[in-house]
> 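Please find one structure pasted underneath; my questions will follow.
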Amino acid sequence: MERKSTSFQALQRLGGAGRLPVLSLLLWLSLLPAQASELLQLRFDEPSSDWERESLPIGNGALGATVQGGVERDRLQFNEKTLWTGGPGAGEAYDYGVPEPSYTDRLAEVRQQLREEGALDPERVVKQLGRAARHYGNYQSFGALVFDHRGLDGAVSGYRRLLDLEQGEASVRFEHQGVQYRRDYFVSYPDQMVVVRLSADQPGKIAFDLALEVPDNRSVARRVQDDQMRVVGALKDNGLRYATRLDVQVEGGESSASENGHQLEVREADAVTVRLTAATDYRLAYPDYRGDSPEPQVDTRMKRAANLDFQQLRERHRQDYQHLFQRVSLDIGQEASGKSTPALLSDYSDSNRPEEDRLLESLYFQFGRYLLISSSRAGSLPANLQGVWNNSRTPPWNADYHANINLQMNYWPAEITNLAETTGPLFDFVDALVAPGRQSAQKFFGARGWTLFLNTNVWGFTGVIDWPTAFWQPEANAWLAQHYYEHYLFNRDRKFLAERAYPLMLETAHFWLDALVEDPQTGKLIVTPSYSPEHGDFTEAAAMSQQLVYDLLRNTRNAARELGEDKVARQIHEALQALDPGLRIGSWGQLQEWREDRDDPESDHRHVSHLFALHPGRQISLEQPELLSAARTSLEARGDGGTGWAQAWKINLWARLKDGERAHKLLSDQLRDSTLPNLWDTHPPFQIDGNFGATAGMAEMLLQSHGDAIHLLPALPSAWSEGSVSGLRARGDFTLNMKWKDGRLVWFEVVSGEPAEIALVSTLFESDFTQEVSGEDIVKVEGRNSRRRVSMQGDKVYRFQSALTAAD
Ligand code: FUC
């Protein structure tokens with residue numbers, strides 16, 4: 001899918017500079033923050049001594065690598081997203097988590113017990129409905145390129161290890177005995193390879209032995225030629241075949257196979273380009289998940305890129321990467337500081353230099369976008385718990401896909417920060433879960449449609465596990481379906497709605513139409529058994545269960561209406577009317593987490609599941625003060641702590657409550673408590689969802705488009721009182737650029753994709769302003785209230801400027 005309507009491109013499409021008054025163009029240029037490279041760089045002044053805390057990640061969605069940058073020994077660990085143990089082939093017993101015979105009788109028993117007893121201990125329920133997962137598998141490290149450099153012993157000076165978010169590249173540079181050395185690293189999406197360039201400012205200085213290490217849980221066959229190395233084999237566990245190949249291109253010196261045939265030896269070179277690619281015979285297709293053999297895949301990639309030199313490879317990579325990354329720029333007052341990233345982090349908010357704190361925050365924002373581009377691109381699997389980066393055979397939580405917050409949070413920044421294409425792998429993955437998920441729907445519920453529970457792998461696991469407090473969340477299907485509809489709302493792509501979103505949503509709705517139960521006391525439709533993620537007892541109708549089903553049914557009804565499927569729309573509408581909406585205000589003014597008032601005001605549990613309705617749900621709107629206030633009470637009670645993703649969720653929630661100060665406090669807390677020196681989020685351990693959630697939360701502080709209006713700067717904290725942002729996306733196919741001073745919006749433009757009538761909400765409208773359309777039709781408007789309805793034509797730029805304050 002081609003992303004449309006980036007602001008700058010839209011301006012160009014509309015005639016660009018030629019048709020815009022010079023003043024506007026200058027204004028536009030002044031909006032672009034000085035993206036001096038330092039403002040968008042992570043920097044270490046030492047090689048990494050700890051993979052998790054200090055490595056710099058590069059990736060292209062399918063391939064990932066982590067730059068450690070050792071001077072003498074440089075270990076470049078790498079991944080390919082499909083290399084997993086477990087699944088079909090791992091043993092006869094792999095059954096996708098689906099029980100045989102079915103569990104529908106057990107489910108009926110649990111429902112009956114809940115009816116009679118009201119609440120059940122998870123330990124008891126897991127004995128009835130849990131199952132030990134067999135051959136679930138783990139995401140694997142593919143291996144490591146190990147460079148042993150020659151002649152670099154002794155002291156080096158001026159060491160720098162950088163990750164440049166603007167170029168999508170890492171680099172290492174240092175001086176040794178008067179020679180300047182430089183290493184560049186990136187992962188190209190167009191060419192599907194990791195590229196490393198080694199160079200020096202004097203000829204003949206590059207010399208190293210190069211080995212390709214792989215873990216010992218697989219068969220290994222190596223072929224080493226003078227300028228090429230292949231390692232192929234299969235995982236012992238499941239027979240998944242893998243292949244990796246590297247080619248070196250030596251300028252000046254020479255390269256040869258080592259005597260033992262295990263390594264390459266490069267000597268006296270001026271510069272060397274190393275290309276590495278990797279593949280498996282995995283295919284995202286139930287039931288066997290096997291596809292083309294991997295060796296021809298790696299050969300084809302190498303062949304295609306054979307005539308491209310390093311500069312061409314880099315150019316192709318930059319074009320591809322920057323096309324995505326450059327859509328959004330953010331200026332919140334950051335200034336270059338001369339500090340390394342770990343120093344910025346350790347001095348954060350103690351430094352008395354606000355522009356340094358802003359630097360860390362803006363870097364963290366763009367790092368989230370960088371990580372998403374680097375770990376989720378079309379043609380591969382979605383970003384997992386660690387994106388695409390994993391150095392272990394047994395990573396935490398298998399580095400899988402948890403669907404009770406984590407996988408979803410990975411994609412929170414995708415639409416609003418203008419990276420809609422990165423959602424492709426998520427939709428492909430979820431579509432592929434439907435086939436095994438139908439079995440689960442049948443065998444657990446006797447229902448139509450599909451479902452999954454807490455977690456899934458790359459092998460279509462849609463059943464349950466046996467961990468009492470984390471195994472049961474069939475509403476995960478509704479939560480994943482939400483992303484399809486959101487994608488439509490943001491992009492207004494009707495083909496996507498008709499062909500991808502609606503079929504998936506409808507099948508998910510079918511599941512719930514069958515699985516909902518009528519509460520004999522109230523006649524309302526409820527979810528049972530129901531479990532509020534990882535907290536408390538099993539009950540009937542916990543808030544989150546009801547809210548997730550509400551979200552699904554409302555979206556599916558709306559989609560059906562938009563597609564003229566009136567009969568379906570009516571049927572779902574009726575169910576929606578009968579559904580318990582899961583919104584109750586309890587005895588201490590809180591939003592209840594359960595249908596009965598069981599909330600403990602002392603609990604600081606990290607999951608704030610009952611606040612789904614506020615975010616990322618849209619059931620509670622800014623126009624519902626009582627529910628907003630109850631949500632606030634619950635959030636206050638839970639406190640500001642929690643794991644990385646929990647703090648990130650709270651940034652978003654406080655932003656939705658329009659409390660910019662508190663949202664900013666949570667961001668600060670997350671940076672202090674849950675962020676590693678390389679800016680990876682830590683649960684602990686490293687877990688990438690918090691990076692994505694925080695980036696989304698920062699965007700949410702600047703722009704919201706949940707109900708019938710677009711809110712501009714809804715939760716601007718005083719720390720960001722002056723700034724600008726360009727390229728954020730709002731539902732309805734709009735792109736926004738804004739500039740503010742003294743905490744007030746002074747200028748903004750909306751680039752419209754489709755014709756639409758929208759309401760804009762901003763303090764800017766409270767005093768006199770001018771409004772113009774694509775540089776023409778300038779009108780002066782008398783200020784009134786903060787809400788203004790605008791009828792927009794498609795493909796135009798609507799610009800508003802306050803008369804009170806000059807924007808520049
Ligand atoms: C959920 C969370 C945990 C962790 C795990 C991967 O179960 O409750 O905190 O993030 O996913």
Side-chain angles (χ1 to χ4, degrees), residues 52 84 97 122-123 125-126 130 133 136-139 368 371 375 381-390 392 394-412 426 429 452-458 461-477 479-480 530-538 542-545 548 593 603-612 616 638-653 666 669-670 673-676 680-694 696-697:
E52 186 185 8
W84 265 74
E123 298 279 353
V125 182
V126 81
Y136 183 81
N138 276 291
Y139 181 42
L371 290 173
S375 64
L381 295 165
N384 59 40
L385 284 171
Q386 296 184 181
V388 58
W389 301 279
N390 162 40
S392 160
T394 50
W397 287 287
N398 319 78
D400 71 355
Y401 299 93
H402 270 54
N404 71 351
I405 179 69
N406 318 86
L407 174 58
Q408 290 89 343
M409 184 177 277
N410 282 2
Y411 288 90
W412 285 5
L426 176 68
F429 184 69
L452 77 167
F453 293 84
L454 175 87
N455 54 323
T456 185
N457 57 11
V458 303
F461 185 90
T462 48
V464 291
I465 56 173
D466 57 0
W467 189 258
T469 54
F471 82 101
W472 189 265
Q473 170 112 52
E475 308 87 3
N477 63 358
W479 200 341
L480 290 167
S530 164
Y531 186 59
S532 194
E534 315 200 23
H535 195 204
D537 284 342
F538 273 71
M544 185 189 230
S545 304
L548 278 166
E593 186 164 355
S603 168
D604 60 359
H605 196 271
R606 65 191 181 287
H607 283 268
V608 284
S609 309
H610 45 317
L611 302 186
F612 171 85
R638 284 287 163 91
D640 294 348
T643 57
W645 61 257
Q647 292 181 306
W649 193 351
K650 290 171 189 174
I651 300 172
N652 289 268
L653 287 163
L666 260 300
D669 289 356
Q670 189 179 344
D673 310 341
S674 306
T675 303
L676 299 169
W680 265 345
D681 173 70
T682 183
H683 185 282
F686 161 46
Q687 200 171 284
I688 209 160
D689 40 20
N691 283 106
F692 296 134

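First listed ligand is number 1; within each ligand, the first listed atom is number 1. Only this structure's heavy atoms are used, side chains among them; waters, hydrogens and symmetry mates stay out.
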> Name the orientation class of the two ring planes belonging to W649 and W412 (parallel below 30°, tilted from 30 to 60°, perpendicular beyond 60°).
perpendicular
> Flag R606 as yes when one of its N or O atoms lies below 3.5 Å from any N or O atom of ligand 1, and as no otherwise.
yes
> Of the protein's non-hydrogen atoms, which lies at the shortest distance from atom 8 (O) of ligand 1, and what is that distance?
H607 NE2, 2.6 Å
> Using a strict cut-off of 4.0 Å, indicate which atoms of ligand 1 neighbour a heavy atom of H683.
3 (C), 4 (C), 9 (O), 10 (O)
> Just to be sure I read this right, does ligand 1 sit under 4.0 Å from the backbone of N404, its side chain, both, or neither, counting only heavy atoms?
side chain
> According to the interplanar angle, ranging from 0 to 90°, do the rings of H683 and W645 count as parallel (below 30°), tilted (30 to 60°) or perpendicular (above 60°)?
tilted
> Please find out if less than 6.0 Å separates the ring center of F612 from that of W479.
yes
> I'd like to check whether E534 has a polar contact with ligand 1, where a contact means an N/O of the residue lying under 3.5 Å from an N/O of the ligand.
yes
> Side chains of N477 and L452, heavy atoms from C-beta outward: is any pair under 4.5 Å?
yes
> Does ligand 1 have any atom sitting under 4.0 Å from a heavy atom of N406?
yes
> Check whether the ring centres of H605 and H535 lie less than 6.0 Å apart, and answer yes or no.
yes
